[in-house]
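Below is one structure; the comments refer to it alone.
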2 protein chains.
Amino acid sequence: MTIMIGLEAVIVAVTEGIPRILSVRHTDHALSPPEHRPLAQPESPDALPFGPLDPTADCTLDQALRGWVSEQTGLPLGYVEQLYTFGDPYRDPRQREGGPRVISVAYLALTRECAPAREQNAVWRDCYTFLPWEDWREGRPEILGSLIEPALQQWLQTISDPQRQRRQHERVDICFGFSGSSWDPERVLERYQILYEAALVPEAWPEQPHSAPTAASPGRPMALDHRRILATALGRLRGKLKYRPVVFELLPDTFSLSQLQEVVEALSGVRLHKQNFRRLVEKGGLVEESGETTFSTGGRPAKLFHFRREVLRERPAPGLRLPGRN
Amino acid sequence: MTIMIGLEAVIVAVTEGIPRILSVRHTDHALSPPEHRPLAQPESPDALPFGPLDPTADCTLDQALRGWVSEQTGLPLGYVEQLYTFGDPYRDPRQREGGPRVISVAYLALTRECAPAREQNAVWRDCYTFLPWEDWREGRPEILGSLIEPALQQWLQTISDPQRQRRQHERVDICFGFSGSSWDPERVLERYQILYEAALVPEAWPEQPHSAPTAASPGRPMALDHRRILATALGRLRGKLKYRPVVFELLPDTFSLSQLQEVVEALSGVRLHKQNFRRLVEKGGLVEESGETTFSTGGRPAKLFHFRREVLRERPAPGLRLPGRN
DNA sequence: CAGCTTATGCTTAAATGGAGTATAACTGTT
DNA sequence: AACAGTTATACTCCATTTAAGCATAAGCTG
């Protein structure tokens, strides 16, 4: 059996307070074998941009990724980070039919621009379309109480081994913040994994993996295991915010503190105390005033800032130290 | 060109205050092409245990890894985590000669036991044999001042572009804690990467990559890019200590707080304030008394503790919150 | 101008973190 | 048995940080 290496990218940009990822729709259903093509649904599922590794030509994985991304989308990628390598053969139905074994190396990439991608089928989509339970900016997402919690409770009831049931119950509580547990924004992947195991997401249904989101399925599905990759990316990014100045890769060179806060809130999915956020960022030496001000905010004009590179030298882990940890 | 997937494991155990990894020596020089076999040196280099992925039989990457590790070593792996996927074709000299392209998926695995590995060529080795500059438990490692700092200064002088030189100088200072920068135990990989770029490690010398450590080369080299993988593993593990209770995977079920501290110090490479460490661990709810005491410590008998699983539910990031951050 | 919005500065109480002192309980020595 | 040496454990102190809120500044609209 031959092996193929695929490179998949979660390309993130934040505009208008919405964290967006680049999604491609394959109109020819290239990714789905015939029997999996939805009948009643003309649209193919959202998928992450994908490029194969050419083992002869491509020098390093990172270079290969940057290569085809810039070729296909023309986007200027700033920060690029390898996320995870997925090797489960069942992630792609084609492999059951004697196709090559596809190993996917997933990447997280940040970009400032939100320019329309060069490839016609690419669109920017709100992350939280796919993971609506992750957005707590307007309070606890409604879908958690209305759909996810009861469905998971029901799933837990189906576990016969009491020992195992107790364990899983605890795990669900911890990850989703049920029964008094606190919400940890970073556990994105663990939460998706639970929904997958409980078969609450269509990706876990082998028959019709790409049906439209129904009342019984939280969030819009994606092709193959792409929603899992997205969850990995969001979790990683949320964690990284705290100890590396990656937000600035998503902002213009000069920005107001409110803009900065808006982006952080968009990614972390929680609201932050404005005054403390200011103090944190300013006293932490992460930014310095550019001297200009902007009047585009509606109220009092805001000072503009830019990222202070020197902080990298001064502090071992220059990040945003969001509240709520421990 | 065909592709091969290799799985490499950094298997870590801590005994007698020494963080050890499992290393294999290939007596038949299987990993080195003839022209790279050292002439004056009968021993082959240390290498990480390695197993190929069978694309037909192996179901998931994780399972494949656990499979061959337990088969070859009989070690009970506890915590297993995927580290990184390395795809640089130059990492293996054989690839220049038309061999298959090898993509390596590296894993970090923790184990309690330090039993002699089943495979005859496997030995446990002190991590800091390979990365001596990472061990600050007895103060600043001598090798930093005597060898690394001057050699890096010399390397920086060879950079002609002043802009680039300034950047690299800053980077070196930040990573190695020169010029008043603080030492960040987590930047293990970045430090190795600098040594590699500055050609201070034999792995960067294409001619004789496995020569013995000389006065001009800090630390014992490893085969191929294995020292880079080790650096990745150590950095990741040091980071993880802070927000996940992974240390307990390395300890027996019941342990004294001094034992716990010893393991943490061994891995993080720094000494900790004993009383504060106690407070942290106890007040953090990470452990609870088992009721027993041990007399094996020399002085006053120590209470024994065990890991308190409930902490996973109570706190979002139950780790050890080591000092020195920010 | 009033009334709204957003930005920014400042205060306070509680929690945390880093360092030290003191005491307890064992070992082995004289 | 008194002793020093060793390790464990308890408690104190103070500076810093954090979370939360109050207050003021400076634009906009009508």
Side-chain angles (χ1 to χ4, degrees), chain A residues 16-17 182-183 185 242-243 254-265 268 270-305 311 314-326, chain B residues 16-17 182-183 185 241-243 254-265 268 270-305 314-326:
Chain A
E16 299 144 37
S182 59
W183 176 262
K242 301 210 180 85
Y243 59 94
T254 160
F255 48 83
S256 71
L257 294 187
S258 295
Q259 262 181 288
L260 174 59
Q261 183 174 353
E262 187 184 45
V263 173
V264 173
E265 288 177 337
S268 64
V270 291
R271 286 255 171 263
L272 302 170
H273 186 267
K274 189 155 187 165
Q275 295 93 320
N276 287 345
F277 182 81
R278 287 188 78 74
R279 178 173 47 82
L280 217 63
V281 170
E282 286 192 289
K283 269 195 36 176
L286 282 165
V287 298
E288 65 190 346
E289 296 186 20
S290 78
E292 311 145 81
T293 54
T294 177
F295 291 74
S296 57
T297 52
R300 171 174 171 174
K303 290 184 196 165
L304 290 178
F305 293 79
V311 76
E314 297 159 5
R315 284 173 39 193
L320 286 164
R321 313 181 88 5
L322 309 187
R325 322 299 286 108
N326 299 14
Chain B
E16 299 144 36
S182 58
W183 176 262
L241 282 182
K242 300 210 181 84
Y243 58 95
T254 160
F255 47 84
S256 71
L257 294 188
S258 295
Q259 262 181 289
L260 175 59
Q261 183 174 354
E262 187 183 46
V263 173
V264 173
E265 287 178 337
S268 64
V270 291
R271 287 254 171 263
L272 302 171
H273 186 234
K274 190 154 187 164
Q275 294 93 320
N276 288 345
F277 182 79
R278 286 188 79 74
R279 184 181 54 183
L280 215 63
V281 170
E282 286 191 290
K283 269 194 33 177
L286 281 165
V287 298
E288 65 189 345
E289 296 185 19
S290 77
E292 311 146 81
T293 53
T294 176
F295 289 74
S296 58
T297 52
R300 171 174 171 176
K303 290 185 196 164
L304 290 179
F305 293 80
E314 296 159 7
R315 285 172 39 190
L320 285 164
R321 313 176 87 7
L322 308 186
R325 321 299 286 106
N326 297 13

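All values reported here derive from a predicted model rather than from experimental measurement. Residue numbers begin at 1 in each chain, while the letters A, B, ... track the order of the sequences.
- Separating the CD atom of Gln259(B) from the P atom of dA8(D) is a distance of 10 Å, rounded to the nearest angstrom.
- If you measure from atom CD of Glu282(B) to atom C1' of dT9(D), you get 8 Å, rounded to the nearest angstrom.
- At whole-Å resolution of the value, NZ in Lys283(A) and C1' in dG9(C) are 14 Å apart.
- A straight line from CZ of Arg271(A) to C1' of dA20(D) spans 18 Å, rounded to a whole angstrom.
- Atoms CD (Gln261(A)) and P (dT8(C)) sit 11 Å apart, rounded to a whole Å.
- Five base pairs at each end of the helix from dC1(C)-dG30(D) to dT30(C)-dA1(D) define two local axes, and these are offset by 0° (rounded to 10°).
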In 5'-to-3' order, the base (B), backbone-only (S) or no-contact (-) status of each nucleotide in nucleotides 23-30 of chain C, using a 4.0 angstrom heavy-atom cut-off, is -BBBS---

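- Under the 3.5 Å distance criterion, the side-chain polar atoms of Gln261(B) are matched with a main-chain donor or acceptor of Leu272(B).
- Taking all atoms of both residues into account, the shortest heavy-atom contact from Ser258(A) to Lys274(A) is OG-NZ, 3.3 Å.
- Of the inter-residue distances, the one linking Glu289(B) atom CD with Glu282(B) atom CD reads 7.0 Å to the nearest 0.5 angstrom.
- Taken from NZ in Lys303(B) to CZ in Phe255(B), the straight-line distance is 14.0 Å, to the nearest 0.5 Å.
- Contact detail for Leu304(A) and Ser256(A): the closest heavy-atom pair is CD2-N, 3.6 Å.
- Among all heavy-atom pairs drawn from Val311(A) and Gly285(A), the shortest one is CB-O, 3.5 Å.
- One N or O donor and one acceptor, one from the side chain of Arg279(A) and one from the base of dA19(D), sit under 3.5 Å apart.
- For dT21(C), the base has a donor-acceptor partner in the side chain of Gln275(B) [N/O atoms by modelled type, under 3.5 angstrom].
- Between Ser290(B) and Thr254(B), the shortest heavy-atom contact is OG-OG1, 4.0 Å.
- Look at CZ on Phe277(A): it is 16 Å from C1' on dT6(C), rounded to the nearest Å.
- Put simply, Ser258(B) has no side-chain N or O that comes within less than 4.0 Å of OP1 or OP2 on dT7(D).
- Between the CG atom of Asn276(B) and the C1' atom of dA10(D) there is a distance of 13 Å, rounded to whole Å.
- Comparing dT18(D), dG17(C), dA10(D) against the side chain of Leu280(B) picks out dG17(C) as the nearest.
- Comparing dC10(C), dC13(D), dT9(D) by their nearest atom to the side chain of Ala302(B) picks out dT9(D).
- Residues Phe305(A) and Val281(A) are not in side-chain contact: their nearest non-hydrogen atoms beyond the backbone lie 4.5 Å or more apart.
- Contact annotation: Lys303(A) side-chain N/O to dA7(C) OP1/OP2 distance is not under 4.0 Å.
- In this structure, His273(A) atom NE2 and dC10(C) atom C1' are separated by 12 Å, rounded to whole Å.
- A distance-only check finds no donor-acceptor pair linking the side chain of Arg278(A) to the backbone of Leu257(A) [under 3.5 Å].
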